[in-house]
Every structure is written in structure tokens, then in C-alpha cells.
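Just below is one structure, and these are the notes that go with it.
All heavy atoms count here, side chains included; hydrogens, waters and symmetry mates do not. Chain letters run A, B, ... following the sequence lines, proteins first and then strands; every chain starts at 1.
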Amino acid sequence: MYKTHTCGELRISDVGKTVTLAGWVHRYRDHGGIYFIDLRDRFGLTQVVINPEDSPELAKLVADVRVEWVLQVIGEVRARPADAKNPNLDTGDIEIYATEINVLNTCKPLPFSINKEENTDETLRLKYRFLDLRRERMQKNLILRHKIIKYMRDYLDAKDFLEIETPILFKTTPEGARDYLVPSRIYPGEFYALPQSPQQLKQLLQVAGVERYFQIARCFRDEDQRGDRQPEFTQLDLEMSFVERDDILDLMEDLFTKMCKDLVPQKKILFSPWPKLTYQEAMDRFGKDSPDLRFGMELVNISDLAKDCGFTVFESAIKDGGSVRGINAKTLGEYTRKQLDELTDQVKLWGGKGLAYVKISESGEESSPFKKFFSNEKWEELLKRMEAEKGDLLLFVADSKPAVVYDCLARLRVMLGDRLGLRDNNKLAFCWIVDFPLFEWSEEEQRWDATHHPFTRPKKEDFDLLSTDPGKVRGDQYDMVLNNYELASGSIRIHERWLQEKVFDLIGLPRDVARDRFHQIMDAFEYGAPPHGGIAPGIDRFVMLMADEPNIREVIAFPKNNAARDIMSGAPSPAMEGQLRELHIKVVYPEEEKKS
RNA sequence: GGGGGCGUGGUGUAGCGGCUAACAUGCGGCCCUGUCAAGGCCGAGAUCGCGGGUUCGAACCCCGUCGCUCCCGCCA
């Protein structure tokens, strides 16, 4: 080893020892003779002192040392003078009095600074990711990610789960997200697909009698990027046999609760046990199925009051099958016309037609463009239902499409929650969303579509509805939600062939296509498939939230950029002609495609 | 596929029609023996992403283009 101790472990009790440290020069200070070097490794910082009176050759060597050089330092641990201690450093009571220094490597001037936090263009950070990751913030994130994954492994191991790897080269399933394809050299014109998730395989493992499976699974989806999406991402993939919904929920709730308490003790879980909201309840109260439960400002339905009020905007929305709902933005009653206009513009950007408001000033004065349409009784009822008080701002969205009303108010709620400082990152509001509709009607395709995936089992009490009213069928599906983010999605699966076929029929998947793509799982269902279910929390997203990072690139060692490119290596890149020939592939560029 | 924002020394920013393009930090040199974001002095470093246009004059206005980023679509 190049070192006897790390740069983070020496204390006052080690004074007198001769030690060897190795690491990077975090900072150096030259006082015209006496030199200080803050030596850094993954474990901390230790101050090294070089005194030219005792060792003139050392001082000569050190004069050339620059930031991020790699040094090995041999010396004596000394207590610092009382007035020179540094309470900000774990090792601040001591310093190393150097007797020998070996330069293990030098370092060019940096493209950006490592020893201080500053905004840096992300392209540059990604290009020099190996330097970016040296920074304290990134090291913290890597460590936290490791701890979270280790916690999951240890916890599940203790619960008798088996970690089993499933293939990265598998079969394409064209529904859902686009697949990444891998050409086969041996079979011209045939392709593997990288898994969007190990869904079928983990179900097959249940048929195989594994009973409790998990995997830290890499998943691949060829879709456009977002701050919380990458072409490849990692899930805690999990599946169990002989379980019902609450068995899975209880297990996950226990794991995540303990994990948060142990790994991020500064963050407080607001509700225990976690609330369970039905999908419908989540929509009605918060306008979305991944609500932020850290604050109120819940949606209120005033459709009945607005129905015959005389205000055309409200009336026509309801007449055309929609609704009118509002939120009470507490304490914003003094918003100016300009600020309200900005909110309205925002709502229009989200697809809403506009925003109706009631301003109540601190003195109790009400102003609203639609008050004149309401009778006194109805107006009083409106204020009462909205729990309106002096200084409040009531905001309403009306639309013939219920989804638009939900969506606009949900976004508005989160936006105003931010402005009012109600979304404290040290509060964790976990909840479960249950009883999702199993199918939704696709206008585009004019058929029913699985909302989650086609393996989700319908709730038993809704079996009859499969034939009569598919839109009303609820799935035995559940989402884990934390602070406005969907963290995990799971379900009890279908384990009977007849039921699986029925669902495939309903979503308009022709029998022969179903057979081609899913024959392995359909066959398996006929060989004693046990009842089973599972869930898959997204690890990147969870680590991001625990690390208070704004996007998942900050918690992935080597992420792709927004255009799915790896800036560091340049991937994807053209393949050599020989490789393509071997793979029986001919590239047709978009321009040529247009011509033909 | 569509929309918004950004692009100025190595890095982070200012300048938004009239400059020799400013500041901080970093870099190089000199001074300084107890600092810890050390300090002081001096110096080098930018054809303002690229192309075109408007103008007497463009970093600044317009058009196009490229790159990054955020959002919509998309993500069973």
C-alpha cells in the first residue's frame, strides 16, 4: 500500500506516530518558506506542513507542487498549535510534519475547479467526468448510492430473497417504449432487444419456484430524455409468490422507512403508516396520481355550484361533460393583476383555457371577475367550501375535459407550493396510490390500452366488468409516491392463461402476435404458475431525491446527456464498415431515405 | 417532432447599438514562516459558438445554423 492511513482518520490521539499518506493536493499555501498542503483522498483532508529550516530540499520540491498533483507524504503526526486548529476539519487538531514526499503524478491546469463548488457548464463536466467525480458533491452522491443499494441487498437477503441476474440480450416487445436493438451476427436480419424491464423473466422465475426474487436491474428505453430519465436506468426489481397486494406494500414500506431513518436521518417521514389513496381519490384531491402530500392546497370540486350560475365559461364546461375545480392559494390574496396574468398564461401553456380567480384582500375585500354571476347563497357556499379567509387567493379551472382541469390545477398547486416554500426537501411524504383503472381508451388507436402493463391482474371483484365495462375495471396495481414523484410501480400479476388471453383480447392484441411475443409466459401459466406480484422502485430517482439533486445525471457515474449522447466517449458513434458487414447491416441515412 | 432559455479570456459572470470588451477565479512571475477559500504586487490570456444580413458603426438588433439545457409530445 502507498499509505498507512487515510486522509480522514488521524486524530489528536495519533500524535507522535510516523505515518504515510497518499492522495491529491486539494489546496496548497505558500508562506514564503513554510508550506501547507491539504492532502485529499476519498476519506477526508489532512494538512501537511513543510518547514524549509528542517528540510530545505523538501521545500524546494514542494515549491513546484500544484493543485491535484498526486503525492505520497511520509511524516510525523503533530498536534497543531492551539491557535492554529481548524474546527471545520475532522483532522483539524493535527497535521503531518513531512519528512519525505514522493510525487506520484503531476496534473495539468484544470478545466474547472475541484476544490470549490461553482456552476460549470454540464458539457464540460461530462467531458471530464473523471475530474467532476472527484468533487465532494459527486463523491457524496456515489457513496450514498452505494449505501442505498447495499441497504436494499442486505435487507432483502435477510428476508430470504434471492438476487438473480436476467439476460441483457433478450427479445423485442414493440409495445410500450422503443427498444434498443442489438443485431445478431449469427442470424442475419435478426435482433436481440435490451430489456425495458425484466418483467416477463421475473414472472417466469416465480413459475420456477424462486418465490422471492430481486435484482438491481439495468433497464433500457429508447425515448427522449428528461431530467429524471436516462436511456439506461436502474431499478430494484422485485417479485414474490403467494402474496397479496398488502404483503408487497408492507415489505416496501418497511424497507424504505428503515432505509431513510438509517441513511438520511436529517429527513423526516411525515406519515406512518403511509397513506393509501385510491387513484380516484388522488386525482380528486391533488389532480395527479403522484401527489405531493407535504402540503394541503387540495382541489375542491365546485361543479354543482357552477352548473347554472350564469357564467358561460363555467356552464359550458360542465354542459360538455367537464368540471370546475379550484384550489385555495392561502396568503396570496394580494397578488397583483400582473401576477395573476402570469398564472393565467402558465395555465394556457399547460392546455387550460384560462384561470378564474377570487382575490380576498387582508381587509376582506373580495374581487373576482365572476362574482356577479353568483347568487348570494351560492357565493357563500363557494367561499365556505373553499375555506376562504382574508388574504386568500382562490383559483379555478373549468374545462370540458376533466383531465385538463386536474392537470392544470395539479401543476398550479405544485408551482405555488414552491413559491410559498411548502416543499421542504427534508420532509418525506410517502404514500401509496392503489386501484388504478386497468384500461384506458386510446382515441388514437380506437381501442382499450393497458394503463400499466398487460400482465396486471384485474381486481377479483371487477372480473365481471371485463366483459361488460372494461373502463371500470380496476387493476390490482399500486404506485409508491414520494414528494410529487412516482418512485415505484407494481402489481399483482395475472397467473392464469385464460385471464391473460382475455386481457390480450381486450387490448386488441391478435392471438398470433401474442403467441409470438409472449408464448413463453403463456405456456408457463399452464404449468402450475403460483399467484404472484411485484414492484420496481427506480433507484436513480430515489437517490436523486435523497441527495437533494435536481436531476438523475448527478447520481449516475457516467450519464448520457439530454440527447442520449455520452459526451465523454462520444457514443454513439459510427461502426466500422467491417463490423457492419459482419452484422449484415446497411445504414440508410435520413436524407437518402427521403429521396427514395 | 415542437416550443422557451443560454452560448463573451482556462472557469464563472458583467456588458445588450458607439471601449483599448469589465470583474472574480484560475494560470505565470516576484514578495511574505502558522495558514486553512491565506495575503500583497506585477503579468500573460477573448478574432464575444459559427455563417449571413441591417447599420456610418454589431458582443449587443434580425435571419439561419450548431451545441447545451428546460418543457410539451413520447416514456405499456
Any-strand Watson-Crick or G-U partner of [N], both distances under 3.5 Å:
{"N": "B:rC6", "answer": "B:rG67"}
{"N": "B:rG39", "answer": "B:rC31"}
{"N": "B:rG73", "answer": "none"}
{"N": "B:rC56", "answer": "B:rG18"}

Between [N] and [M], how many Å separate the two [atom1] atoms, rounded to a whole number?
{"N": "B:rA14", "M": "B:rC50", "atom1": "C1'", "value": "23 Å"}
{"N": "B:rA59", "M": "B:rU47", "atom1": "C1'", "value": "12 Å"}
{"N": "B:rU11", "M": "B:rA46", "atom1": "P", "value": "12 Å"}
{"N": "B:rG45", "M": "B:rA22", "atom1": "P", "value": "13 Å"}
{"N": "B:rU8", "M": "B:rG51", "atom1": "P", "value": "15 Å"}
{"N": "B:rG4", "M": "B:rC42", "atom1": "P", "value": "48 Å"}
{"N": "B:rU69", "M": "B:rC31", "atom1": "C1'", "value": "45 Å"}
{"N": "B:rG39", "M": "B:rG49", "atom1": "P", "value": "32 Å"}

Take nucleotides 71-76 of chain B nucleotide by nucleotide from the 5' end and write B, S or -, depending on whether a protein heavy atom sits under 4.0 Å from the base, only from the sugar-phosphate, or from neither. SBBBBB
For nucleotides 5-13 of chain B, read 5' to 3', which letter fits each nucleotide if B means a protein heavy atom sits under 4.0 Å from the base, S means only the sugar-phosphate is that close, and - means neither? -----SSSS
Name all residues meeting the side chain to side chain donor-acceptor pair (under 3.5 Å) criterion together with A:Asp41; count only those two or more places apart in sequence or in a different chain, and write none if there are none.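 So A:Asp41 forms a side chain to side chain donor-acceptor pair (under 3.5 Å) with A:Lys3.
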Taking N or O atoms only and anything under 3.5 Å, show me the protein contacts with nucleotides 39-49 of chain B, one pair per line.
none

Take the protein atom [atom1] of [X] and the nucleotide atom [atom2] of [N], then report the distance between them rounded to whole Å.
{"X": "A:Tyr28", "N": "B:rG34", "atom1": "OH", "atom2": "P", "result": "19 Å"}
{"X": "A:Leu126", "N": "B:rU69", "atom1": "CG", "atom2": "C1'", "result": "12 Å"}
{"X": "A:Ile114", "N": "B:rA37", "atom1": "CD1", "atom2": "P", "result": "18 Å"}
{"X": "A:Leu89", "N": "B:rG34", "atom1": "CG", "atom2": "P", "result": "20 Å"}
{"X": "A:Glu554", "N": "B:rU69", "atom1": "CD", "atom2": "P", "result": "11 Å"}
{"X": "A:Ile50", "N": "B:rG34", "atom1": "CD1", "atom2": "C1'", "result": "13 Å"}
{"X": "A:Leu45", "N": "B:rU35", "atom1": "CG", "atom2": "P", "result": "18 Å"}
{"X": "A:Glu117", "N": "B:rU25", "atom1": "CD", "atom2": "P", "result": "18 Å"}

Measure up the A:Phe130 and A:Tyr128 rings against each other and bin them: parallel (under 30°), tilted (30 to 60°), perpendicular (over 60°). perpendicular
Salt-bridge contact A:Asp14-A:Arg11 (side-chain N to carboxylate O under 4.0 Å): no
Answer yes or no for this row: A:His31 ring on B:rA38 base, centroids under 5.5 Å, planes under 30°. yes
Show your working on salt bridge (Lys or Arg N to Asp or Glu O under 4.0 Å) between A:Arg125 and A:Glu554 and close with a plain yes or no. CA-CA 11 Å; A:Arg125 289 180 55 203; A:Glu554 306 297 347; 2.7 Å; yes
Given side chains that start at C-beta, do those of A:Asp222 and A:Asp179 come closer than 4.5 Å, heavy atoms only?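 A side-chain contact under 4.5 Å is absent here.
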For [X], which residues count as a ring-ring contact (aromatic ring centres under 6.0 Å, His included) partner, sequence neighbours excluded?
{"X": "A:Trp448", "answer": "A:Trp441"}
{"X": "A:Phe170", "answer": "none"}
{"X": "A:His495", "answer": "none"}

Could you check whether A:Glu342 and A:Gln346, counting side-chain N and O atoms only, form a donor-acceptor pair closer than 3.5 Å? no
Donor-acceptor pair between A:Arg474 and A:Gln280 side chains, under 3.5 angstrom: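 No, no side-chain donor-acceptor contact under 3.5 Å.
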Considering only distance and modelled atom types, tabulate donor-acceptor pairs under 3.5 Å from the side chains of residues 81-88 of chain A, sequence neighbours left out.
from, atom 1, to, atom 2, distance (Å)
A:Asn86, OD1, A:Asn88, N, 2.9

Nucleic acid contacts - residues 472-504 of chain A versus RNA chain B, non-hydrogen atoms under 4.0 Å: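 The answer is none.
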Touch class at under 4.0 angstrom, heavy-atom based, for [X] against every strand present:
{"X": "A:Lys85", "value": "base"}
{"X": "A:Arg553", "value": "sugar-phosphate"}
{"X": "A:Gln346", "value": "nothing"}
{"X": "A:Gly32", "value": "base"}

For atom NZ of A:Lys171, decide whether the heavy atoms of other residues, nucleotides or ligands shown that lie under 6.0 angstrom number more than 12.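 Enclosed.
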Within 6.0 Å of CZ in A:Arg515, more than 12 heavy atoms from elsewhere: no
If you check every side-chain atom of A:Arg66, which of B:rG34, B:rG28, B:rA37 has the closest atom? B:rG28
When only distance counts, do a donor and an acceptor, one from the side chain of A:Asn561 and one from the base of B:rC68, lie under 3.5 Å apart? no
Donor/acceptor link under 3.5 angstrom from A:Arg80 side chain onto base of B:rC36: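 In this structure, the two groups form a donor-acceptor pair.
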Set of salt bridge (charged side-chain N to carboxylate O under 4.0 Å, His left out) partners for A:Asp407, sequence neighbours left out: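 Expected list: A:Arg411.
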So, is A:Arg29 close to the B:rU35 phosphate, meaning a side-chain N or O under 4.0 Å from OP1 or OP2? no
Comparing A:Asn551 and A:Gln47 on RNA chain B - which has the more 5′ nearest nucleotide: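 The residue whose closest nucleotide sits nearer the 5' end is A:Gln47.
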Checking A:Arg129 against A:Asp132 for the salt bridge (Lys or Arg N to Asp or Glu O under 4.0 Å) test, could you report, in this order, the C-alpha distance in whole Å, the side-chain angles of both residues, the deciding distance, and whether it holds? CA-CA 5 Å; A:Arg129 192 61 163 178; A:Asp132 190 37; 2.7 Å; yes
Under 3.5 Å, sequence neighbours excluded: what are the donor-acceptor pairs made by side chains of residues 106-113 of chain A?
from, atom 1, to, atom 2, distance (Å)
A:Ser113, OG, A:Glu118, OE2, 3.1

Quick one: which residue pairs count as a ring-ring contact (aromatic ring centres under 6.0 Å, His included) with a foot in residues 36-82 of chain A, not counting sequence neighbours? A:His31-A:Phe36
